[in-house]
Amino acid sequence: MNNRKFLFIGGIIVAIIALLCSIYYIIPGYDHILVTHDSTASHPTHFVAFLGLAIVGALVALVSRPRPNKGVKPEQA
């Protein structure tokens, strides 16, 4: 596998995990980790930080997605 494919898969994985973490921190009532105050409250700053990380991961995946080889002869590939 080449580097573009690794970046594409890694970007998708980072985006999905960060999106799930952002949803986890915005829902009140659960015992959130990595906070220093009221761990059961909603934490919009953590939500925004993980949402930003999800957007960055999605952009990395979008920029580095593998291109199809349509119209390329096997000798050229």
Side-chain angles (χ1 to χ4, degrees):
M1 289 205 305
N2 56 11
N3 289 338
R4 287 181 70 107
K5 193 166 186 178
F6 280 129
L7 278 175
F8 177 70
I9 293 170
I12 290 175
I13 290 171
V14 166
I16 290 171
I17 290 173
L19 185 63
L20 291 174
C21 287
S22 69
I23 293 170
Y24 167 72
Y25 277 108
I26 201 66
I27 298 174
Y30 292 103
D31 192 24
H32 300 116
I33 58 174
L34 301 176
V35 294
T36 57
H37 62 282
D38 194 14
S39 64
T40 59
S42 178
H43 300 282
T45 54
H46 286 77
F47 168 75
V48 171
F50 280 111
L51 188 64
L53 188 61
I55 291 171
V56 168
L59 287 174
V60 166
L62 181 67
V63 169
S64 65
R65 68 177 183 242
R67 303 284 185 223
N69 290 334
K70 292 183 181 178
V72 177
K73 295 179 183 179
E75 303 89 38
Q76 296 174 348

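Start at 1 with the first residue, then count along the sequence. Model, not experiment: these values are computed from the prediction.
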Anything under 3.5 Å between a donor and an acceptor, one on a side chain of residues 40-59, the other on a protein residue two or more places apart or in another chain? List them.
from, atom 1, to, atom 2, distance (Å)
Thr40, OG1, Asp38, OD1, 3.2
Ser42, OG, Ile26, O, 2.9
His43, NE2, Asp38, O, 3.3
His43, NE2, Ala41, O, 3.2
His46, NE2, Leu34, O, 3.2

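- Going from atom CZ of Arg4 over to atom CZ of Arg65 covers 9.0 Å, rounded to the nearest 0.5 Å.
- For Val35 against Tyr25, the heavy-atom pair with the smallest separation is CG1-CE2, 4.2 Å.
- Of the inter-residue distances, the one linking Ile12 atom CD1 with Leu62 atom CG reads 10.0 Å to the nearest 0.5 angstrom.
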Only distances under 3.5 Å count here; give the side-chain donor-acceptor pairs of residues 14-24 to other protein atoms, sequence neighbours excluded, each with its distance to 0.1 Å.
from, atom 1, to, atom 2, distance (Å)
Ser22, OG, Leu19, O, 2.7
Tyr24, OH, Asp31, O, 2.9

